[in-house]
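Data first, discussion second: the structure below is written as structure tokens.
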Amino acid sequence: MPLPRKPHAWPATWLTAFLVALVVFALGFGGGVAHALEPVKISREDTALDLTATTEIYSGRGDAFQVSTAPGTDGIVRRIEVRSSTESHQGDWAVFALANVSEEQLERVIVAPHFRLVNSKLFWPDLGSQRILSITPSEGFALDRQPSEEADVFRITLNPGAVITFVAELTTPELPQIYLWQPDAYKDTVNAFTLYRGIVLGIAGLLAVFLTILFVVKGTSMLPATAALAWAVLAYICVDFGFLSKLITVTADDERIWRAGTEVFLAAGLVVFLFTYLNLNRWHQHLGYATLAWILGLGLLFGVAVYDPAIASGIARLSFALTATVGILLIAYLGFNRYDRAILLVPAWLLILVWLFGAWLAVTGQLANDIVQPALGGGLVLIVLLIGFTVMQHAFAGGAYQQGLFSDLERQALALTGSGDTVWDWDVARDRVVTIPDISHQLGLSLGTMNGPVRNWLPRLHPDDRDRFRATLDVLLEHRRGRLNHEFRVRAEDGHYHWLSIRARPVLGANGEIIRCVGTIIDITEQRNSVERLLHNALLDNLTGLPNRQVFLDRLQAILLMGDGSSPIRPTVLAIDIDRYKQVNDMLGIAAGDNILIALTRRLRRLLRPQDTLARLGGDQFGLILMSERDPAKIADFADAISKAIMVPLNYGNREINLTASIGLVAWLDQEQSAAGLLDDAELAMFRAKKAGGNRVEPFRPAFRTSGSDRLQLETDLKRAMERKELSLVYQPIVRLSDAEIAGFEALMRWEHPKRGNISPTEFIPIAENSELISQLGLFAFDKATSDLAEWQTQTGDLPIFVSINLSSAQLLNNELYDDMRAILSKSRCDPSQIKMELTESLVMENPEQARLVLEKLREAGLRLALDDFGTGHSSLSYLTRFPFDTIKIDKALVRDPSDKRAVILRSVITMARELDMRVVAEGIESEEDAIQLAQMGCDYGQSFLFGPPVGSESILRLLKERFPLMKRA
């Protein structure tokens with residue numbers, strides 16, 4: 001602290017002093033000058049003097065403050081000037097004078113408490129702060145500050161007969177109290193209050209811990225509310241008694257925030273206790289809403305306390321008083337209605353009203369004794385103690401009868417009326433849920449977590465299910481009849497949600513009220529997840545998560561139905577196809593291709609607005625419904641932005657991949673045009689852009705339809721091809737590598753068009769998939785292949801051969817596939833074990849759940865299953881364990897791989913397959929050396945043009961007769 005300036009002595013004449021005083025009075029305290037004052041006389045017998053009334057406060061007097069001293073023993077009034085010790089000083093000063101009328105030197109301490117409940121006011125209360133920065137006497141040096149966390153304490157020495165004026169530099173214009181204490185008497189008083197405060201704090205802490213433990217043991221709703229109130233009281237007296245500053249470092253400003261926060265906590269705790277103990281939500285639903293709004297409002301006060309503690313504290317004090325008033329009205333009303341909880345609470349609530357009256361007298365200054373504030377803190381502890389006894393009396397009284405109303409055996413008997421193996425028992429009267437066995441274990445929680453009041457379930461319920469769960473129970477309680485049949489989601493310890501199903505019935509007491517609700521609770525997570533996966537796979541693309549083609553058309557059709565001649569709805573449809581995607585896929589593999597599609601999907605989504613729709617139509621083709629733009633120029637800019645977004649290079653495996661897109665767009669102008677027609681026009685424009693070299697945006701023009709007529713004609717011709725017997729099967733041999741003997745054939749479809757000649761499957765299979773003809777083609781191939789195999793067996797005898805037939809994605813989605821195939825097998829009388837169905841990895845990946853269900857049924861029918869193109873996907877190993885495959889076909893890209901690691905990879909794949917008891921077929925073998933090497937590795941079969949090209953059924957019959965002459969029947 002800086003040394004004070006030496007006081008200036010004025011002319012020591014009575015006349016001069018009189019004139020100076022007169023001038024000061026005439027100036028009316030202007031210019032920062034204050035008038036002289038009367039000293040407080042002290043003697044040796046005075047142990048404590050209240051200087052508050054005799055201390056004069058001067059506000060806004062600036063950094064330099066002038067004051068006239070009290071007349072000394074010689075009657076002279078002097079002038080002194082004191083300057084502030086800090087730059088942040090607001091110009092607030094306090095002046096008082098002391099006169100030692102004894103004949104000996106006196107030692108005293110000046111004490112200004114930081115906080116005083118007395119006269120702190122109800123509105124915008126004074127929550128305390130540091131009061132005095134320094135005290136400068138008219139004689140000598142500035143007073144020494146004594147260490148104290150609760151008050152500003154300065155030590156002074158008064159010589160016999162001395163009259164000294166003191167100027168105190170204040171932090172605020174508020175100085176609730178300033179005392180002059182004899183040092184030993186002040187020390188004894190502090191020690192006495194310290195002992196009292198320690199006892200009260202100990203009782204409050206033990207009470208809070210005891211009620212918390214009791215809540216854990218008993219679990220009724222009243223106990224946590226009472227424990228919360230006890231912790232609020234403990235927090236309040238910790239701050240009020242200065243105990244918090246001994247635990248953590250707290251500044252004067254921080255203490256105001258803590259004090260306001262604890263008062264808000266105390267007010268909120270009383271509201272929660274009153275609502276929970278009286279169970280007000282059972283009396284009227286609006287009481288629950290009002291209480292919730294009240295508590296939320298108090299919760300907001302915690303934030304207000306950080307910025308303006310005085311406002312938060314004032315509102316909290318009003319809330320506490322209002323809660324006490326409303327509480328006595330509710331207790332009186334419910335007590336007259338013979339509600340036992342309200343009657344038991346009467347003594348404790350009367351004590352709250354007495355405490356509230358005393359607190360009101362204190363904060364308004366009508367009760368100013370120094371013992372008032374500690375007494376009120378102790379009164380709060382006494383209130384909580386009485387409330388705790390009241391709650392325990394109610395919680396434990398009469399519980400034995402209700403708890404023994406149903407035995408475990410009876411609970412199990414009631415559970416037989418439901419389903420599952422977990423009993424759900426809700427004791428409505430005690431509001432306690434019991435599950436046998438404890439369902440907490442299934443959720444990964446500690447034992448007993450889900451036992452207790454039914455409201456304990458609400459925080460763990462999915463937010464979308466909470467209101468429905470609460471409403472279901474309320475309806476059951478209100479109608480007092482019916483059955484509880486409810487499904488909801490509960491969050492487990494790992495964060496995942498479990499679907500639970502409750503089926504229970506109410507049990508009525510003698511008065512017709514529901515006293516229990518007993519039934520079963522079952523975990524139905526697996527069933528719900530299966531249903532959700534099937535629904536998800538039916539609507540969304542598995543890889544990108546985008547809507548599929550059917551959903552895209554449905555949304556587009558819905559938009560078109562909303563639009564008419566006067567409507568502003570004018571959608572624009574864009575068909576987007578990635579150029580050279582197949583080459584990238586073949587070069588880097590399916591895994592790289594999938595990652596590229598995912599990355600492009602993210603880029604395209606960033607360009608969309610909420611009203612736009614992006615879908616994956618199939619393969620590398622995307623569809624987009626643009627609703628956010630109508631201006632042709634902006635639509636063109638949007639299409640150009642899509643093209644540029646796709647052109648941004650992609651990094652994969654330390655390689656930079658550059659892609660472009662062919663984009664076709666069409667605006668909806670014809671009111672009669674359907675969604676399918678609009679998409680066809682966009683695809684025609686996209687095909688025209690691709691034929692023009694790609695990497696361009698092509699708007700649709702009606703002239704494009706003539707070029708698309710060939711595709712439509714081809715689709716029409718394909719529908720008639722089976723009737724005209726234009727479709728046929730050819731068979732490519734599959735040989736055993738150990739002895740080069742024929743082991744089977746793969747059936748491949750061919751189409752001999754009457755005008756165009758032989759059409760490649762790569763051209764007409766995609767058309768069949770898009771036109772929903774693929775199921776018919778698949779059944780045709782299965783029927784034809786089984787018939788040919790039966791014919792070969794008839795002509796040559798029982799042959800140890802098999803026929804492989806390809807399955808399409810559309811067939812897997814067909815629920816009638818299993819029945820159709822069994823009918824064909826029954827008709828042809830063909831051995832199912834000689835038929836092998838081939839599926840590619842990408843096909844299984846499109847809908848893994850549906851594929852698993854269908855493949856298991858086909859395997860049960862006796863058919864064998866092969867995984868085609870093995871080694872080109874990213875999840876092949878997982879499919880080998882999830883799906884019932886007995887054969888894998890190594891893709892030709894892996895067999896023909898020129899790298900040095902080819903042999904290592906092939907040997908690993910073959911070894912793995914043999915360990916899994918699976919057969920291996922290698923495709924694309926180019927030389928006899930490769931065939932010998934694969935045979936040495938343990939590969940079972942080989943298939944390529946090296947062993948023979950695909951030929952017709954008659955040629956196969958001749959080949960079989962030549963290779964197996966001894967198998968022909970007599």
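Worth knowing before you read on, the calculation uses all heavy atoms, side chains too, and leaves out hydrogens, waters and symmetry mates.
- Closest approach of Asn695 to Ser662, counting heavy atoms only: N-OG, 3.8 Å.
- Of the inter-residue distances, the one linking Leu863 atom CG with Cys830 atom SG reads 9.5 Å to the nearest 0.5 angstrom.
- Residues forming a ring-ring contact (aromatic ring centres under 6.0 Å, His included) with Phe780 (at least two apart in sequence, or on another chain): none.
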Please determine whether side-chain contact (heavy atoms from CB on, under 4.5 Å) holds for the pair Gln550 and Asp554, giving the CA-CA distance in whole Å, both sets of side-chain angles, and the decisive distance to 0.1 Å.
CA-CA 6 Å; Gln550 188 60 47; Asp554 289 343; 3.3 Å; yes
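- Looking at heavy atoms from C-beta onward, Gln557 lies in side-chain contact with Ser674 at the 4.5 angstrom threshold.
- Side-chain contact between Lys784 and Met749 is absent, with no heavy-atom pair separated by less than 4.5 Å.
- Side chain to side chain, Lys836 and Thr887 meet the donor-acceptor criterion of an N or O pair below 3.5 Å.
- When all heavy atoms of Thr911 and Arg907 are compared, the pair lying nearest together is OG1-O, 2.7 Å.
- In this structure, Lys690 places its NZ atom where more than 12 heavy-atom neighbours from other residues, nucleotides or ligands lie under 6.0 Å away.
- Remark: the backbone N or O of Arg822 is not paired with any side-chain donor or acceptor of Ser826 at under 3.5 angstrom.
- The CE atom of Met686 sits 8.5 Å away from atom CG of Leu679, with the distance rounded to the nearest 0.5 Å.
- Closest non-hydrogen pair, Pro950 versus Leu748, comes out as CG-CD1, 3.9 Å.
- With contacts defined as side-chain heavy-atom distances shorter than 4.5 Å, the pair Arg750/Pro761 qualifies.
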Quick one, Leu650 with Arg603, criterion side-chain contact (heavy atoms from CB on, under 4.5 Å). Give me CA distance, side-chain angles, the key distance, then yes/no.
CA-CA 11 Å; Leu650 288 163; Arg603 290 183 183 179; 3.1 Å; yes
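- Residues satisfying the ring-ring contact (aromatic ring centres under 6.0 Å, His included) test with Phe622, not counting sequence neighbours, are none.
- Leu906 is listed as a side-chain neighbour of Leu934, based on a closest heavy-atom distance under 4.5 Å.
- The side chain to side chain donor-acceptor pair (under 3.5 Å) check on Thr660 picks up Asp579, with sequence neighbours excluded.
- Using a 4.5 Å heavy-atom threshold, the side chains of Phe700 and Arg688 count as separate.
- Going from atom CD1 of Ile646 over to atom CD1 of Ile596 covers 12.0 Å, rounded to the nearest 0.5 Å.
- Asp831 meets the side chain to side chain donor-acceptor pair (under 3.5 Å) test with Ser833; sequence neighbours excluded.
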Determine, stepwise, if the pair Leu718 / Trp751 fulfils side-chain contact (heavy atoms from CB on, under 4.5 Å).
CA-CA 9 Å; Leu718 183 59; Trp751 181 14; 3.9 Å; yes
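- Under the 4.5 Å side-chain criterion, counting only non-hydrogen atoms from C-beta, Asp594 is not in contact with Thr544.
- Scanning all heavy atoms of the two residues, the minimum distance from Gln795 to Leu957 falls at CB-CD1, 3.5 Å.
- Here Arg549 pairs with Glu683 in a salt bridge; the nearest charged N to carboxylate O distance falls below 4.0 Å.
- In this structure Glu791 satisfies the salt bridge (Lys or Arg N to Asp or Glu O under 4.0 Å) test with no other residue, sequence neighbours excluded.
- Between the CG atom in Leu737 and the CD1 atom in Ile932 there is a gap of 10.0 Å [rounded to 0.5 Å].
- Glu838 has its side chain out of reach of Ile805: every pair of non-hydrogen atoms, C-beta onward, lies at least 4.5 Å apart.
- The side chain to side chain donor-acceptor pair (under 3.5 Å) test applied to Arg602 returns no partner, not counting sequence neighbours.
- The two residues Gly593 and Tyr581 make their nearest non-hydrogen contact at O-OH, 3.0 Å.
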Check against side-chain contact (heavy atoms from CB on, under 4.5 Å), Ile734 and Ile742:
CA-CA 6 Å; Ile734 300 175; Ile742 294 177; over 6 Å; no
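- Residue pairs that meet the salt bridge (charged side-chain N to carboxylate O under 4.0 Å, His left out) test with at least one member in residues 940-955, sequence neighbours left out, are Arg914-Asp940, Arg919-Asp940.
- Within the structure, salt bridge (charged side-chain N to carboxylate O under 4.0 Å, His left out) contacts touching residues 613-624 (residues at least two apart or in different chains) are Asp541-Arg616.
- Nearest heavy atom pair, residue Pro733 against residue Pro949, reads CD-O, 3.7 Å.
- Separating the CD1 atom in Ile576 from the CD1 atom in Ile578 is a distance of 7.5 Å, to the nearest 0.5 Å.
- Pairs engaging residues 729-748 under the salt bridge (charged side-chain N to carboxylate O under 4.0 Å, His left out) rule: Arg736-Asp739, Glu741-Arg963, Glu746-Lys889 [sequence neighbours left out].
- Applying the side chain to side chain donor-acceptor pair (under 3.5 Å) test to Arg896 and every residue at least two apart in sequence or in another chain returns Glu926.
- Interatomic distance, CG of Leu560 versus CG of Leu678, reported as 6.0 Å (0.5 Å rounding).
- Inter-residue side-chain proximity for Thr613 and Leu556 is flagged as unmet; no heavy-atom pair is nearer than 4.5 Å.
- Evaluation of the ring pair (Phe, Tyr, Trp, His ring centres under 6.0 Å) test over residues 782-806, restricted to residues two or more places apart or in two chains, returns Tyr731-Trp792, Phe745-Trp792, Phe802-Tyr941.
- Although no hydrogens or angles enter the test, the distance criterion places a donor-acceptor pair under 3.5 Å between the side chain of Gln834 and the main chain of Leu799.
- Arg859 meets the salt bridge (Lys or Arg N to Asp or Glu O under 4.0 Å) test with Asp886; sequence neighbours excluded.
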